[in-house]
Amino acid sequence: MEATMNKFPTLSQLLLGRTLFCLLASTIFCSAQKSSPSGELPSLAEARRVGRANSALLTKKQSVTATNGTPSANLATFKKDIAPILTKTCVQCHGPKKAKGKFRIDTLDPNLIEGGDLDWWLEVFDALSNDEMPPEDADVNLTSAEIGKVTGWLGSEIQKASIKRRNEGGHSSFRRMARYEYDYALQDLLGLSYSLSGNLPPEAGSKNGFKNSSETLQMSAMQFEIYRETALKALEHTTVVGEHPKAVVYQLPNSDEASSALDRNQISKIHTLTQRTKKGQKPPEIVTFDQRNRSVKFNLSNHLPDQGTMRITLRAGRSTMKADEFASLRFIFSAHTSNNANFSEVISKRAIPVSGSVDDPQFIHLDIPLSEIQRNPFRNNEEKFPRRDEFLTIECQSKTRGKEPLNIFVDFIEISAPFFEQWPPKTHRDIFFESPKRNKEPEYAREVLTRFMERAWRRPVKANEVAPFVTLFMKYRPEFPTMEEAMLEVLATVLATPEFLYLTQENSSTISEAGLASRLSFFLWSSIPDKELRDLAKEGTLRDPTVLKAQITRMLADPRSARFSKHFVQQWLGLDGLNSVVHVTDSALMEAMQEEPIAFFKYVLDSNSSLMDFLHSDYAVLNERLAAHYQIRDVYGPQFRRVPIEPNTNRGGILTNAAILTMNSDGKDSHPLKRGIWMLERILHDPPPPAPPNVPEVDLTDPKILEMTLKERIVDHRNKPACLSCHAKIDPWGIAFENYDALGVYRTKIKNKPVDATSALFNKKELAGMDGLKRYLLAERQDQFARAMVHKMTAYALGRPLTFRDHAAIEGLTVQFRKKEDRLRDLIHLIIYSSIFNSK
Amino acid sequence: MTTNPAAMKRRNFLRGTGVALGLPWLETFAADDSNPDPAPKRFLSVYHPDGVGLPVKEDPAWKDWSWFPRGGERNFELTKVLDVLEPLRKEITIYSGLSHPAARTVHGHSNADQYLTGAAIGGHGAYKNSISIDQVYAEQIGQFTRHSSLVMSTNGGIGGPRGAQTQSYNRSGRPVPALNHPKQIFDLLFVTSGKEAAAKLARSKSALDLLIANTRSLGRKLSRHDQETLEQYLDAVRDTEVKLEKARQWIDNPIPKVATSNLTLEAGPKEARLYFETMYELIYLSFLSDSTRVATFQLGRENGGGPHNLLSTAVGLGNAHALTHAVKKPKGWENLGTYNRYQAEEFGRFIQKLKDTKEPNGQGSILDNTFAMHGSASSSFHLSRNYPIISAGGKNLGFENGRYLKFGKGNEDNQAGAGIMSDSGWRGKVEVEELPLSKLFITVLQRLGVEASSFAGITGTLDRV
């Protein structure tokens, strides 16, 4: 079994550097500090410039290219140039006399392609490239020219070994959809506007953090049954049977009939919206939200149907239209069944901005699936107690500057359920379309099934593939009054086939055009391809470079691409960690925290900015709640937008996002160890090894230790020999974050002592707080971060763990990416054009 | 409806305990000749990750916060960790010196998977598990109830190899996915599946036949590696067929009606107490209504992560997994002990309820016909030895409670591995003798009526139990 890229457990416990793809040797190792002899630190922008200028990836020549031939080992160079250097420098500690870290270099097989010591060589390569060996206190030294020679040779041998393994094949992206992909696929296929997959078990994360990884996506009987149930339910929600049901309608008193879009003939009853009013007071005909009245609550009694869509329509206008002020509405559904037994649910996914004026008011529509929200379970009871009523609350959130108040006037509200835009609805007609064969059942069933299966299976289907489903339909048909009802059961079976549930059903090593369409759509939309993609694949023109480029552009402009930003960023950064956090009590803050890294990523993507913005940027992407948390002024409203920031805000990039800092804390204070591990795993793609044996716990009952500051404790702990190896690698990264507390708020003092956020990396590079950390990353770790990102995004795009076989492909992509100035949108294009993306 | 005094009494009684029964489903069972014993025999296992606190004797915390009792078989003394079970003393047995031999030097984080299976899952590399004790019993008894077993966990699903989120494994060693939403469990157990159930099942059968045939033809187009992945799908379809077949036999029996007053079906692990109690209540109701006789419940997963870390908020403590790592911090042993105490308290509440409920169709209480165990696959810090196990009930099955049963040799005071705070502990040499937990499993299976002589490669029963 082949080791995945970040798993060499036995090795990693012995050695320090562990990334497979770490910095390639650079003969010009120029640190940021060295570049300014006066002792004044360069600006972050300067560090970024210098770091790019010194990129090893950008300066080295591509020596090995992918080939189908069998590469052979370059042993002559090893004998002539490499062995003497290693003998002179390494063997005294890692040889027959001493074998520090239980490692001997003199016995390694220099043939990386055929030999059995590849994993060890990778460690050697890392230790040298990351400047970790020989250690500072050793009495031997390696010149940068010597390091360059060794890593240069190793780099090309490693690449050859990777190409050889790649040519051997064996990896696979064949996997079922992840839960969120299934959810979107169902929505896109059926035109459903809400999630129905809540019953599916949660996905376990894979080692690389991705939930769409073929290694972890299991199937079980329970899972299978839930797929069948969910599919049938989704089909029932999107198709209709029988006559157009008449709607229950609620309106404000004396509502203006002309504003209603409802067909009078389709209404069963109109109820007047009533709210709690003082005795003798008439319910108002206009609802006003001002500084005192922030919400209005309507009693809908128990007239709403159990199923179907509830359409809420209202017409609203603002009293003032200042650009830097905002107003928005949100909708809450609730019930109070008895004393101390009540519940409420926010049914509007996000706050709906009010942008119309009083003179030119705006219509707002909100569609709610009544079967999917928390309803009053007693609503259909005969008895009046527990109370059967259901309530709708409309809440206004607004921000006013200056003296003139911003009020919202609503002069029209209409609630109707079940609501249909058309009859039969489009979702129904997409499945049961008009056809000359409409009344010839077996023929029409075949037509319906063929069209549906091509969409669900994402490829053309053959008559003999459709036939068994037609047979099944004929078998079911007598049990149902209508052909539609019988057909739904068959369609649900189509949605339980592996052709729908599984991705990459390919036989040859290069994926088909249909396979490419699916891979594209699951990468950028987390879902099935649309008609345009399917048609291009059917014509066989999707792979045409011009066509493909245009399609990527179209797909990224489509709203569905927001799913890519969301799910890639959540999985890359491990934002699930926030769900287990209990010390964030403000839900608006929690929501904003969860959103910030995604919004930042989306901004970088949409503007095709540099990946290095993630390390540091002179802007942040914020909404009002988060800006307040960061003490940044003049940001109003719930929506995220780019905000230029000054250095004294101590923000910029994603390392200082509240989400990252909060989930990597212990609930009360910062947690340097968690933050260090997070840095290594998520940003540098260099996960630390698991804790080795003989690790003593910090004894906090020892009074001496109790007196120490956290940093002193960490240093004390680290100085114990058993702890040193790991902690020297992890802690410094985390300590650099010490200026940020458990909620990510910037601080200069801890318990009245000044914050000490200075630490030294294992290679003796000093990190002076966040600023120093960013400067160091920008000056010296750009290649590593770029490579990490290419690796992670490719793993996500393919839905499988990358292995050593993919080394050469990733290396090549990273060079191309860096040459394109690390632009994020360009990276998407590069990955899609690559041969690895087009391979099985 | 005809009434007889006995049925009347029983119904009143059940109503009194919050359960309304839609007769005559009980009679259906009574009349079922194929079920040899009218009083159902039940098995429950509750698993908690992270082990328990085992300070060394010299530590001031030893007196109060060491998990294992002190003293002899009958005159044992409970420490503060388990003193909540004192009122149930006569109903419980506490064991020491038991563990699965194959896992004694495997890290505790990996070991939830094998707690009920005893399989040699190892610490790394290829992974294979085997059937768990609950599923062995379920295979035999499952036909007599609507659900052959009820598998629950706080995290739900199956987790990953060596990171199980279920305790239950089927005959081929595949994990049985656990349910974690109370609402979903309730609906599964007590909400009727519709009038046309029979027709629906027949349709499902046709659909599954089609899927199997169709999948075979897809499989032929795939590489060997991908075929293995597809095989898992086929297994899922076949398992579903087996379930359908069983469901077909149940169609004529109406689903029992139960009262929901003690259930908070929307509770999640964040509302630790409510969630915990609701999950236990669901087990209680499923036993009471004889919807199943086999249940497992796993409180989270090893190595933290996910909802179970929140359960400790019920006693005002943070992250449950971190408690095991923080025992050397001030009040560390006390905090871990307090959390274990809370787990014991909830288990005790459940046991008390079984004890207070008369067996609807047999002698004694429900507890008398139920073997309920509560434990973990590690004791001290990641040490996969000396499992801390409590069992309760089973009087009618032949279990004699009110005892502290020490097994093995050389660790009578439970100090082996006590106070360890480093991973050298779990790797350390096995120096004291422990008995295989599988021996207890064999005893349990035999008393449940399963003709078992070996389990996970171990033969023989456990003396004195």
Side-chain angles (χ1 to χ4, degrees), chain A residues 1 9 170-172 174-176 198-199 201-204 206 214 216 218-225 228 343 374 465 468-469 471-472 475-476 479 489-490 492-493 496-499 501-502 504-507 580 582 666-668 691-702 706 722 840, chain B residues 124-126 155-160 163 165 174-181 184 199 203-204 206-207 210-211 213-215 218 221-223 225-226 229-230 232-233 235-240 243 266 270 305-307 309-310 313 318-319 322 325-330 332 421-424 427:
Chain A
M1 198 167 148
H171 48 77
S172 178
F174 183 68
R175 63 175 178 97
R176 69 162 167 81
N199 279 343
E203 304 297 9
S206 64
S214 58
T216 49
Q218 311 270 320
M219 179 68 83
S220 64
M222 177 177 86
Q223 183 111 11
F224 174 75
E225 282 176 81
R228 294 181 67 223
F343 59 81
Q374 176 67 60
E465 290 176 315
F469 293 90
T471 311
L472 189 67
K475 191 166 182 181
Y476 286 176
E479 296 174 35
E489 301 260 336
V490 183
T493 307
T497 57
E499 284 88 345
L501 296 170
Y502 282 75
T504 321
Q505 300 153 27
E506 301 278 341
N507 210 359
S580 322
V582 285
D666 68 1
K668 285 189 187 118
N694 309 317
V695 177
E697 195 78 359
V698 178
D699 188 352
L700 286 184
T701 51
D702 181 340
L706 272 176
K840 185 172 173 304
Chain B
H124 55 269
N155 294 46
I158 56 181
Q165 290 170 197
R174 276 186 282 126
V176 181
L179 298 161
N180 63 339
H181 297 300
Q184 201 182 351
R203 285 199 301 276
S204 288
S206 313
L210 183 159
L211 287 170
N214 173 69
T215 305
L218 171 67
K221 295 179 203 153
L222 296 176
S223 73
H225 178 274
D226 292 350
T229 308
L230 195 61
Q232 206 186 34
Y233 169 89
D235 281 341
V237 181
R238 290 192 200 103
D239 287 354
T240 307
K243 269 175 113 168
E266 301 304 332
K270 279 197 179 182
N309 271 339
L310 300 172
T313 57
N319 185 334
H325 282 261
V327 291
K328 285 283 177 78
K329 292 189 177 149
M421 276 319 301
S422 81
D423 283 353
S424 58
R427 283 166 186 260

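Per chain, numbering begins at 1; letters A, B, ... match sequence-line order. Predicted model, so just to flag it, every value in this text is computed and none were measured.
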Enquirer: Is B:Gln232 close to chain A through its backbone or its side chain, or both, or neither, when contacts mean heavy atoms under 4.5 Å?
Expert: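 B:Gln232 touches chain A through backbone and side-chain heavy atoms alike.
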Enquirer: Quick check: does any side chain N or O of A:Tyr502 sit under 3.5 Å from a backbone N or O of B:Leu230, one acting as donor and the other as acceptor?
Expert: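 No, because the side chain of A:Tyr502 does not come within donor-acceptor range (under 3.5 Å) of the backbone of B:Leu230.
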Enquirer: Which atom pair, heavy atoms only, marks the closest approach of A:Thr493 to B:Ala207?
Expert: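 Looking at all heavy atoms of both residues, the shortest contact is OG1-CB, 3.6 Å.
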Enquirer: Does the side chain of B:Thr240 pick up a donor-acceptor pair with the side chain of A:Arg228 at under 3.5 Å?
Expert: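 No.
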Enquirer: Where does B:Ala178 contact chain A at under 4.5 Å (heavy atoms): side chain, backbone, both or neither?
Expert: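 It is the backbone, since no side chain atom gets that close.
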Enquirer: Look up atom OG1 in B:Thr229 and atom CD in A:Gln218, then write down how far apart they are to the nearest 0.5 Å.
Expert: 9.5 Å
Enquirer: Using 0.5 Å steps for rounding, measure from the CZ atom of B:Arg203 to the CD atom of A:Glu489.
Expert: 4.0 Å
Enquirer: Holding to side-chain hydrogen bond (donor to acceptor under 3.5 Å, both in side chains), I want the full list of residues that pass it with A:Thr216, two or more places apart in sequence or in another chain.
Expert: none
Enquirer: Who wins among A:Glu203, A:Glu465, A:Met219 for the most heavy-atom pairs under 4.5 Å with chain B?
Expert: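 Sorted descending by pairs with chain B, the first entry is A:Met219.
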Enquirer: If you count heavy-atom pairs under 4.5 Å with chain B, which of A:Thr504, A:Thr497, A:Thr471, A:Val490 comes out on top?
Expert: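 The answer is A:Thr497.
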Enquirer: Report which part of B:Val176 has an atom under 4.5 Å of a heavy atom belonging to chain A: side chain, backbone, both, or neither.
Expert: neither
Enquirer: Side chain to side chain contact (heavy atoms under 4.5 Å, CB included), that's the test. Do A:Met222 and B:Leu179 meet it? Break it down for me.
Expert: CA-CA 9 Å; A:Met222 177 177 86; B:Leu179 298 161; 3.7 Å; yes
Enquirer: Checking heavy atoms, do the side chain of B:Leu222, its backbone, both or neither come under 4.5 Å from chain A?
Expert: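 Looking at B:Leu222, backbone and side chain both touch chain A.
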Enquirer: Under a 4.5 Å cutoff for heavy-atom pairs, which residue among B:Thr215, B:Asp239, B:Asn214 has the most contacts with chain A?
Expert: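 Counting heavy-atom pairs under 4.5 Å, the top option is B:Asn214.
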Enquirer: So which atom in A:Ser220 and which in B:Pro177 form the shortest heavy-atom distance, rounded to 0.1 Å?
Expert: OG-CG, 3.3 Å
Enquirer: Please determine whether side chain to side chain contact (heavy atoms under 4.5 Å, CB included) holds for the pair A:Leu501 and B:Tyr233, giving the CA-CA distance in whole Å, both sets of side-chain angles, and the decisive distance to 0.1 Å.
Expert: CA-CA 10 Å; A:Leu501 296 170; B:Tyr233 169 89; 4.1 Å; yes
Enquirer: B:Lys243: which residues meet the side-chain hydrogen bond (donor to acceptor under 3.5 Å, both in side chains) condition with it, sequence neighbours left out?
Expert: A:Glu225
Enquirer: Pick from A:Gln505, A:Arg175, A:Lys840: which one makes a side chain to side chain contact (heavy atoms under 4.5 Å, CB included) with B:Asp226?
Expert: A:Lys840
